Asker: 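Input: one structure, supplied below.
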Amino acid sequence: MPTLTQRLLERLTPAFDALEPGADPVLRGSDRADYQVNGVMPLAKRLGRNPREVAEDIVAGIDVGGLVAAVEIAGPGFLNITLTDEALLEQLDAMASDEVLGIPAATTEEVCVVDYSAPNVAKEMHVGHLRSTVIGDSLCRTLEVLGHTVVRRNHVGDWGTPFGMLIEHLIDQGEEEAVAGLSVGDLNGFYSEARTKFDADESFQDRSRARVVSLQGGDAETLRLWRILVAESVRYFDAVYTDLGVLLTPQDVVGESSYNPMLEAVVDDLDAAGLVEDSGGAACVFPPGFTNREGDPLPLIIRKSDEGFGYAATDLAAVRNRVDILGATRILYVVGAPQAQHFEMVFAVARMAGWLPEGIEAVHVAFGNVLGPDRKMFKTRAGGTVKLQDLLAEGIDRAADALAGRNHDPETLDLVARQVAMGAIKFADLSTDRARDYVFDWDRMLAFEGATGPYLQYAHARIRSIFRKLDVDHVPTSGALRLDHPAERALARHLVALPDAIESMMESYSPSKLCTYLYDLAQHFTGFYESCSVLNAPDEATRASRLELCELTASTLRLGLDLLGIEAPERM
RNA sequence: GCCUCAGUAGCUCAGUGGAUAGAGCACUGGCUUCCGGAGCCAGGUGUCGGGGGUUCGAAUCCCUCCUGGGGCACCA
């Protein structure tokens, strides 16, 4: 199903092509009309003609039939376009009968691998994992709605030297007791005990180092113990994901260690391609354009001088796996901004090696930090890292306080408090441009006014309450829609722009664009709600029409929030 | 030093080379025969970090400087 913007563009293109083949109309939304066309002036410039005359030619060349009610030439050569109400109504009807509300399927169906969240085994998740998890999840949900095949990859840190001491500590503690402690989620306690012992006890250090060697050597008993740590950690991650309401499952966990068997081949194949240089005993690739502090070429270290592999090798192996085995045509890495150079280098080397062929997109979806009220990295009062579970629990408590006195039974209160808390936390995170840092502020994100999750949820709940009053779940689409009042029309115009908002979001992998759209939608709805009584509409036909607008708005809010990973409660 | 990201209203932030740069919060005033007042309406704010340049047109593109964050060889 084409979007209104696409349909309009089809009408404009021939008129522009007639004057210059391929000329871009530069069609945009507008606050002066339904759309504005900005492409006339640059075209006139290229043609060496008067822009207003060119505008007149364009206007004469547009087939307005059924779609366009008015084209007005304004200012130096803008075209302000007003759609016919019929076109809007037609689009709304089509939306209403479409499961995904008129969001068009992608023109080519891709296999998208999304690498996100990535906590570390034997460590608890903290606020630093929030953005990757929440942004990645939203991108996955949206790619799926667009018809792509999405492969989630939780690239957990499950390998490295700390596992020597962790396994030794596991042995010291006794498996049963250790598992009992880990299963309640006290991963940090376990880790810090091991660390303390390691720092204080030389013989423990020796055992730990020996254990690392056994682990890397594939010793069966060591691997068994290591798997216990991994399994308990994954179980804990899963509990956090369930609380947070993200789609990641244990099946999506493909840790760093999974790529171990492929690392030798990475070096060998790079070497065979003539890309590897030895530098101080390390096997390196020097992709062009990267320099270090001294201005010398900067290497991507594939194998360290101690024969060990660094994470560059793992990431390269992962690229190969994702392209060759999973058939990825697009790979997204939802990883913090500090890794930008690393990914540039990995992608560059993968391209040099032919592992990322032309046409396969690899994108580092970078994001900024979560800051505390002091605008520094968000920490607890004591200066420690903020555990994600603690953060979520506090959000639920605060949401429950805010909802107190609203006549919910205890079970409903608990459910709604969770939905509101997660909505608040996620919306606050997603609504800020991902490249920027943002300040974590409970009072602001949990407010029911302003651009917040709860405000959007509230808008949805308020619509649903209208249907409750009627004692119906939904109204059938009956072609009863009419746009008599300006507020009805404004709402309708915004409703049909959902696909444009999704497109804009995915162009830059910025869920904040969808957040803005949904907030604007809620604003348009309240404008409608204030001036157009639904249940007490002047007549049956108006009431039926307004109910359909309510239905569509609720559906759009629900779908949009779902793409952000936010639930839309029936009542709050 | 080099690279990179950011700098927009008192605060938090939007802003796809287009028209008078917009929201929210906060502040002030108003609105309640009304479907959820957790709402709505009205009030006013800006050297878009500074300075050049490109352009018919720049918050947006280019150069330069300032400020802040991050990165810059064997941790991931």
Side-chain angles (χ1 to χ4, degrees), chain A residues 26-32 36 38-39 41-42 44-45 51 74-78 80 118 120 155 157 159-162 256 279-284 286 289-306 308-312 314-315 336-342 344 366 368-369 371 375-377 402-403 406 428 431-433 435-439 441 443-444 447-452 454-455 458-459 461-470 500 503-504 507-508 512-513 515-516 519-520 523 526-527 529-537 543 546 550 571-572:
Chain A
V26 193
L27 179 63
R28 298 286 131 90
S30 177
D31 51 350
R32 298 158 188 260
Q36 66 183 52
N38 300 332
M41 291 165 286
K45 183 74 181 170
F78 297 99
N80 293 330
N120 291 307
H155 195 80
W159 203 251
T161 47
E256 290 168 347
S279 177
C284 300
F286 291 85
F290 296 91
T291 54
N292 69 12
R293 216 178 288 268
E294 280 74 45
D296 300 324
L298 183 68
L300 188 67
I301 296 171
I302 312 299
R303 191 175 53 206
K304 300 181 286 183
S305 52
D306 70 357
F309 291 97
Y311 76 143
T314 308
D315 281 342
Q339 304 282 345
Q341 184 175 256
H342 167 72
E344 276 179 49
N369 296 314
L371 306 179
R375 292 205 131 265
K376 300 213 170 114
M377 292 288 279
L403 292 164
R406 304 215 81 217
S431 60
T432 304
D433 184 297
R436 291 173 56 134
D437 299 342
Y438 77 93
V439 176
D441 182 334
D443 291 336
R444 204 161 56 233
F448 291 77
E449 311 93 30
T452 68
Y455 175 81
Y458 172 69
R462 204 161 48 156
I463 299 171
R464 294 302 299 158
S465 104
I466 294 172
F467 290 90
R468 271 197 298 281
K469 277 237 154 58
L470 285 176
D500 300 311
E503 187 189 345
S504 162
E507 252 169 25
S508 54
S512 66
K513 312 262 177 159
C515 293
T516 302
Y519 179 67
D520 289 344
Q523 299 270 79
T526 47
Y529 185 85
E530 287 294 318
S531 49
C532 301
S533 182
V534 178
L535 295 179
N536 301 314
R543 178 163 123 147
R546 289 179 179 171
C550 289
R571 59 180 91 210
M572 294 171 64

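In the text below, chain A, chain B and the rest are named by the order of the sequence lines, each starting its count at 1. Being a predicted model, the structure only gives us computed values, none of them experimental.
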Asker: State, yes or no, whether a side-chain contact exists between A:Lys513 and A:Glu507 at a heavy-atom distance under 4.5 Å.
Answerer: no
Asker: Per the atom types in the model, does the base of B:A73 pair as donor or acceptor with the side chain of A:Ser279 at under 3.5 Å?
Answerer: yes
Asker: Which part of the nucleic acid, if any, lies within reach of A:Gly368 when heavy atoms closer than 4.0 Å are counted: base, sugar-phosphate only, or nothing?
Answerer: nothing
Asker: Could you state the CG-P distance from A:Asp31 to B:G15, rounded to the nearest angstrom?
Answerer: 16 Å
Asker: Using atom P in both nucleotides, what's the gap between B:C11 and B:C65 to the nearest angstrom?
Answerer: 28 Å
Asker: What's the closest nucleotide to the side chain of A:Arg293 if the choices are B:A76, B:C72, B:G18?
Answerer: B:C72
Asker: Once you round to the nearest 0.5 Å, how far does CG of A:Leu371 lie from CZ of A:Arg436?
Answerer: 10.5 Å
Asker: Out of B:C25, B:U12, B:G71, which nucleotide sits closest to the side chain of A:Arg444?
Answerer: B:U12
Asker: Write down the partner of B:U60 under the Watson-Crick or G-U wobble criteria, each distance required to be under 3.5 Å.
Answerer: none
Asker: Check this for me: does the side-chain of A:Asn80 come within 3.5 Å of the base of B:A19 through a donor and an acceptor?
Answerer: yes
Asker: Mind checking who B:U45 pairs with, Watson-Crick or G-U wobble, both distances under 3.5 Å?
Answerer: none
Asker: Any side-chain to backbone donor/acceptor pair from A:Arg375 onto A:Val439? Under 3.5 Å, distance only.
Answerer: no
Asker: In whole Å, measure the gap between the C1' atoms of B:G30 and B:G15 for me.
Answerer: 31 Å
Asker: Counting only Watson-Crick or G-U wobble pairs whose two distances fall under 3.5 Å, which nucleotide matches B:C75?
Answerer: none
Asker: Could you please name the partner base of B:C11, counting Watson-Crick and G-U wobble pairs only when both distances are under 3.5 Å?
Answerer: B:G24
Asker: For B:U16, does the base pair up with any side-chain atom of A:Arg28 as donor and acceptor (N or O, under 3.5 Å, distance only)?
Answerer: yes
Asker: Among the candidates B:C35, B:C13, B:G18, find the nucleotide nearest to the side-chain atoms of A:Arg375.
Answerer: B:C13
Asker: For atom C1', what is the distance between B:U64 and B:A21, given to the nearest Å?
Answerer: 25 Å
Asker: In whole angstrom, give me the gap between the C1' atoms of B:A14 and B:G22.
Answerer: 7 Å
Asker: Would you say the base of B:G18 stacks on A:Phe78 (centre-to-centre below 5.5 Å, plane angle below 30°)?
Answerer: no
Asker: What's the spacing between A:Ser508 OG and A:Asp433 CG if we round to 0.5 Å?
Answerer: 7.5 Å
Asker: Counting heavy atoms from C-beta on, name the nucleotide in B:C35, B:A73, B:G39 closest to the side chain of A:Tyr529.
Answerer: B:C35
Asker: Taking the side chain of A:Arg32 as heavy atoms from C-beta outward, which of B:A19, B:G39, B:A73 is closest to it?
Answerer: B:A19
Asker: A:Glu449 has a side chain; which of B:A23, B:A73, B:G39 sits nearest to it?
Answerer: B:G39
Asker: Which nucleotide sits closest to the side chain of A:Ile301: B:G71, B:A19, B:A73?
Answerer: B:A73
Asker: How long is the line joining OH of A:Tyr438 and C1' of B:C11, in whole Å?
Answerer: 18 Å
Asker: For B:A26 and B:C40, measure between their P atoms and round to the nearest Å.
Answerer: 12 Å
Asker: Let me know the distance between CD of A:Gln523 and P of B:A23, rounded to the nearest Å.
Answerer: 9 Å
Asker: If the C1' atom of B:C48 is compared with that of B:U67, how far apart are they to the nearest Å?
Answerer: 16 Å
Asker: Identify the heavy atoms of A:Gln36 and A:Ser30 that sit nearest to each other, and give their distance.
Answerer: OE1-OG, 2.9 Å
Asker: Write down the distance between CD (A:Gln341) and P (B:G69), rounded to a whole number of angstrom.
Answerer: 19 Å
Asker: Both A:Gly450 and A:Asp433 contact RNA chain B. Taking the nearest nucleotide for each, which residue is further toward the 5' end?
Answerer: A:Asp433
Asker: Could you check whether the rings of A:Tyr311 and A:His342 sit parallel, tilted or perpendicular, using 30° and 60° as the cut-offs?
Answerer: parallel
Asker: Does a side-chain N or O from A:Ser504 land closer than 4.0 Å to OP1 or OP2 of B:U16, or not?
Answerer: no
Asker: Want to settle it: does A:Glu294 or A:Gly281 sit nearer the 5' end of RNA chain B, counting the closest nucleotide to each?
Answerer: A:Glu294
Asker: Does a nitrogen or oxygen in the side chain of A:Arg436 sit under 4.0 Å from OP1 or OP2 of B:A14?
Answerer: yes
Asker: Between B:G57 and B:C5, how far apart are the P atoms? Round to whole Å, please.
Answerer: 27 Å
Asker: Does B:C72 have OP1 or OP2 sitting under 4.0 Å from an N or O in the side chain of A:Asn292?
Answerer: no
Asker: So which nucleotide does B:C35 pair with, by the Watson-Crick or G-U wobble rule with both distances under 3.5 Å?
Answerer: none
Asker: Quick one: does A:Tyr438's side chain get under 4.5 Å of A:Ser431's, heavy atoms only?
Answerer: no
Asker: Determine the Euclidean distance between corresponding P atoms of B:U45 and B:A23; express it in Å to zero decimal places.
Answerer: 14 Å
Asker: May I have the distance from A:Leu371 (atom CG) to B:G7 (atom P), rounded to whole angstrom?
Answerer: 14 Å
Asker: Select one nucleotide: of B:C35, B:C72, B:G39, the one nearest the side-chain heavy atoms of A:Leu535.
Answerer: B:C35
Asker: Kindly indicate, with the supporting measurements, whether the criterion side chain to side chain contact (heavy atoms under 4.5 Å, CB included) is fulfilled by A:Tyr458 and A:Thr452.
Answerer: CA-CA 10 Å; A:Tyr458 172 69; A:Thr452 68; over 6 Å; no
Asker: Partner lookup for B:G68, please. Criteria are Watson-Crick or G-U wobble with both distances under 3.5 angstrom; report none if nothing qualifies.
Answerer: B:C5
